[in-house]
Amino acid sequence: MTKTDSASPFSLAEQAAEVIARVSGVPRHDIALTLGSGWAKAADFLGETTAEIPAHDIPGFSQSGVPGHTGTIRSIHMENGKRALVIGARTHYYEDKGVRAVVHSVRTAAACGAQIMVLTNGAGGIKDHWTPGTPVLISDHINLTANSPLEGATFVDLTDLYSSRLRDVARSVDPNLDDGVYVQFRGPHYETPAEVQMAKTLGGHIVGMSTALEAIAAREAGMEVLGLSLITNLAAGISPEPLSHQEVIDAGKSAEAVISALLAKIVAKL
Ligand code: 8IG
């Protein structure tokens, strides 16, 4: 398989990018954002939405299976003149559609011209002073999926995967932003307390099910990555409370306005 092979994931991303360019009338996007649980409102703060495309109209995208996740791609004209592509349709690794499907949106963003990929998610927190609703910067990750979006002998350097330059920009907007190492589990179950302790021992601070594989694909595509997690719950066993998906969605909803405004301010400076 080569990158121009018509069956390659890169070719599918090119086809998706052509549709986005044609339907939106925007030939190139500068920056792309994947908005996870709790971050969706950021799209409204970024600028003027000039096109909104159902994900299922774009090659390679499928309908999101997760309640609380929307399924559209938006083209936004920012006040600084830049064009942002907002991806509201994430495929999770646990959906068993394969790693190609998981990173298709990231590859499409790259094919649309984006040089910066902003990856956001809702996640569990291991640092016990984080309260639900706290946004944190991802400083690095530990990929526990035992999988990779890279195929064949593709050796990609992941030093500074979560760009320290972009993290500095984020901190220039909010100096209080804490950071942490994101640990991707397969899911869809949440961790056991013992697994959370393992993640902590390994050097992790955030537990989630999405971002590490996407970040790897973004780096392969040559994009700079900014990663942000909304801590919607303390990871299992860190607090005595059990985890529920409804609580996760509620915590996201109540923090949404504040963190979305924060994200829009950061993106305006990238
Ligand atoms: I929101 O506690 C959310 N996503 N793995 N663990 C994992 N993913 C999550 C969690 C969590 N909370």
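Every heavy atom of this structure was used, including side-chain atoms; hydrogens, water molecules and symmetry mates were not. Indexing begins at 1, ligand by ligand and atom by atom, following the structure's order.
Counted by atom type alone, E52 and T72 present one or more donor-acceptor pairs between their side chains at under 3.5 Å. Under 3.5 Å, the side chains of D157 and T159 contain a donor-acceptor pair of N or O atoms.
The pair D160-R165 does not meet the salt-bridge criterion, since no charged nitrogen lies less than 4.0 angstrom from a carboxylate oxygen.
Within 4.0 Å of ligand 1, counting heavy atoms only, the contacting residues are G122, A123, G124, Y190, E191, V207, G208, M209, T232, N233, L243, V248.
Between H205 atom NE2 and W130 atom CH2 the span is 6.5 Å, to the nearest 0.5 Å.
For CZ of R186, the number of neighbouring non-hydrogen atoms (other residues, nucleotides, ligands) closer than 6.0 Å is greater than 12.
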Using distance only, find each side-chain donor-acceptor pair of residues 262-270 under 3.5 Å and give its atom names and separation, not counting sequence neighbours.
residue: K269; atom: NZ; partner: S172; partner atom: OG; Å: 3.2

